[in-house]
Amino acid sequence: MKKPEIPANEAQRLASLAELQLLDSAPDPAFDNLAALAQSVFDTPMVLVSIVDKDRQWFKTRIGLKSCSTGRDISFCGHVIADGHPLIVPDTHADSRFADNPLVTGEPYIRFYAGAPIHAPDGALLGTFCVLDTKPRDFNQREREQLLAFAKQTDHLIHYHQSELARAADRTASKRILARYQAIFHESAVGIIRINGQGEIREVNPYALKLLGYNRQELVGEN
């Protein structure tokens with residue numbers, strides 16, 4: 001068995017992967033639906049979106065496989081990460097790199113593998129979109145193009161995942177800023193009155209009310 005080589009930019013690749021917060025993330029229907037469509041298109045018992053970490057490959061979505069991860073050292077997808085190109089193995093028993101691989105000689109008894117690389121928004125290689133079978137099979141040019149299309153769509157889903165992270169971070173930052181403002185406004189030991197462009201009072205803090213001798217309802221909306 002040939003173990004996957006480690007790419008020269010491994011540190012940068014792992015940094016991009018960590019920034020995405022994709023590893024061990026919750027199931028996502030968008031990834032699951034894409035895998036289900038691929039299973040229908042390729043008629044294979046197994047479909048994976050595999051993310052290659054430092055010492056393991058973890059499956060963002062999986063069909064036909066019990067385990068949610070395997071060792072990187074026995075992964076087919078690790079070879080794709082090392083090479084940067086799609087990998088097609090028509091018959092693992094006839095390929096010296098994989099013939100004695102534990103995933104071939106034992107469950108899930110892989111005989112056919114086809115995987116295309118998937119990428120982070122910055123271009124870093126993350127893993128593969130792959131289809132697998134328990135029997136040998138050919139993979140024609142049209143099927144190769146379809147596999148690349150599924151990998152490209154996975155790239156788009158990962159990009160959307162990153163955008164959602166950024167939006168969540170912005171919402172969290174906005175909430176912190178609002179909480180800080182409210183703390184300053186309500187607990188300040190100086191009087192604060194907020195007015196709009198027409199000069200109407202929109203908000204009065206407790207200290208100002210105390211100084212002026214009014215309650216909030218008597219001032220808000222007045223000029």
Side-chain angles (χ1 to χ4, degrees), residues 1-8 13 17 22 27-53 56-120 123-159:
M1 183 189 80
K2 181 181 179 181
K3 293 184 179 180
E5 296 181 1
I6 303 299
R13 190 189 74 81
L17 177 56
L22 194 60
D28 188 325
F31 287 88
D32 295 343
N33 291 340
L34 188 64
L37 178 61
Q39 185 182 39
S40 175
V41 168
F42 296 109
D43 190 26
T44 56
M46 292 173 279
V47 180
L48 306 171
V49 173
S50 173
I51 308 298
V52 178
D53 195 8
R56 61 173 176 150
Q57 64 170 350
W58 174 80
F59 308 126
K60 175 60 181 173
T61 189
R62 66 188 191 277
I63 295 176
L65 198 65
K66 296 177 182 178
S67 176
C68 64
S69 66
T70 70
R72 180 177 180 174
D73 60 333
I74 61 173
S75 70
F76 285 63
C77 301
H79 291 272
V80 178
I81 291 297
D83 185 55
H85 298 290
L87 173 65
I88 311 297
V89 183
D91 185 356
T92 57
H93 288 190
D95 193 315
S96 60
R97 295 171 297 174
F98 305 107
D100 58 347
N101 186 297
L103 300 176
V104 174
T105 59
E107 289 189 0
Y109 298 101
I110 298 171
R111 287 293 301 273
F112 166 82
Y113 173 91
I118 57 176
H119 307 81
L125 289 172
L126 298 178
T128 71
F129 188 98
C130 57
V131 294
L132 309 92
D133 207 332
T134 55
K135 57 186 179 182
R137 59 185 290 172
D138 294 324
F139 209 63
N140 61 40
Q141 183 59 36
R142 181 170 179 271
E143 289 173 315
R144 290 169 186 255
E145 292 172 357
Q146 289 173 325
L147 182 66
L148 289 173
F150 276 103
K152 188 66 175 179
Q153 184 60 34
T154 306
D155 289 351
H156 291 314
L157 293 180
I158 292 171
H159 198 161

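The structure presented is a predicted model; accordingly, all values stated were derived computationally and were not measured.
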Exercise. Passes side chain to side chain contact (heavy atoms under 4.5 Å, CB included), Y113 versus C130? Steps please.
Worked result: CA-CA 7 Å; Y113 173 91; C130 57; 3.7 Å; yes
Can you tell me how far apart [atom1] ([X]) and [atom2] ([Y]) are? Round to the nearest 0.5 Å.
X	Y	atom1	atom2	result
F112	I88	CZ	CD1	6.0 Å
S50	R62	OG	CZ	12.0 Å
L132	R137	CG	CZ	10.5 Å
F59	F31	CZ	CZ	15.0 Å
I51	L22	CD1	CG	4.5 Å
F98	I74	CZ	CD1	11.5 Å

For this session: Ignoring hydrogens and angles, tell me if any N or O in the side chain of R111 forms a donor-acceptor pair with the backbone of D133 under 3.5 Å.
Result: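 No: the side chain of R111 does not pair with the backbone of D133.
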Problem set entry | Where at least one partner belongs to residues 95-105, residue pairs that pass side chain to side chain donor-acceptor pair (under 3.5 Å), sequence neighbours excluded | D95-R97
For this session: Scan residues 69-83 for pairs that pass side chain to side chain donor-acceptor pair (under 3.5 Å), counting only residues two or more places apart or in two chains.
Result: E10-R72, Q57-T70
For this session: Answer yes when K152 and E145 have at least one side-chain N-carboxylate O distance shorter than 4.0 Å, and no when they do not.
Result: no
Exercise. Does the distance from a Lys or Arg side-chain N to an Asp or Glu carboxylate O, for K60 and D28, drop under 4.0 Å?
Worked result: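 Salt bridge flag = no for D28 with K60.
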Side-chain heavy-atom pair [X], [Y] within 4.5 angstrom cut-off:
X	Y	result
L103	P108	yes
I81	P4	no
I110	T134	no
F139	P90	no
M1	P102	yes

Which atom pair, heavy atoms only, marks the closest approach of [X] to [Y]?
X	Y	value
F129	I118	N-CG2, 3.8 Å
V52	G78	CG2-N, 4.4 Å
A151	A116	CB-CB, 3.8 Å
V80	G115	CG2-O, 4.2 Å
T61	A35	CG2-CB, 3.9 Å

Side-chain donor-acceptor pairs of residues 36-47 under 3.5 Å, sequence neighbours excluded:
unit_1	atom_1	unit_2	atom_2	d
Q39	NE2	T44	O	3.4
T44	OG1	M46	O	3.3

Exercise. For N140, does the CG atom have more than 12 heavy-atom neighbours from other residues, nucleotides or ligands under 6.0 Å away?
Worked result: yes
Exercise. Checking side chain to side chain contact (heavy atoms under 4.5 Å, CB included) for the pair I158/H119: CA distance, chi angles, key distance, verdict?
Worked result: CA-CA 8 Å; I158 292 171; H119 307 81; over 6 Å; no
Exercise. Given L157 and D155, is the side chain to side chain contact (heavy atoms under 4.5 Å, CB included) satisfied, shown in steps?
Worked result: CA-CA 5 Å; L157 293 180; D155 289 351; over 6 Å; no
For this session: Let me see the working for F150 and V131 under side chain to side chain contact (heavy atoms under 4.5 Å, CB included), right down to the final yes or no.
Result: CA-CA 11 Å; F150 276 103; V131 294; over 6 Å; no
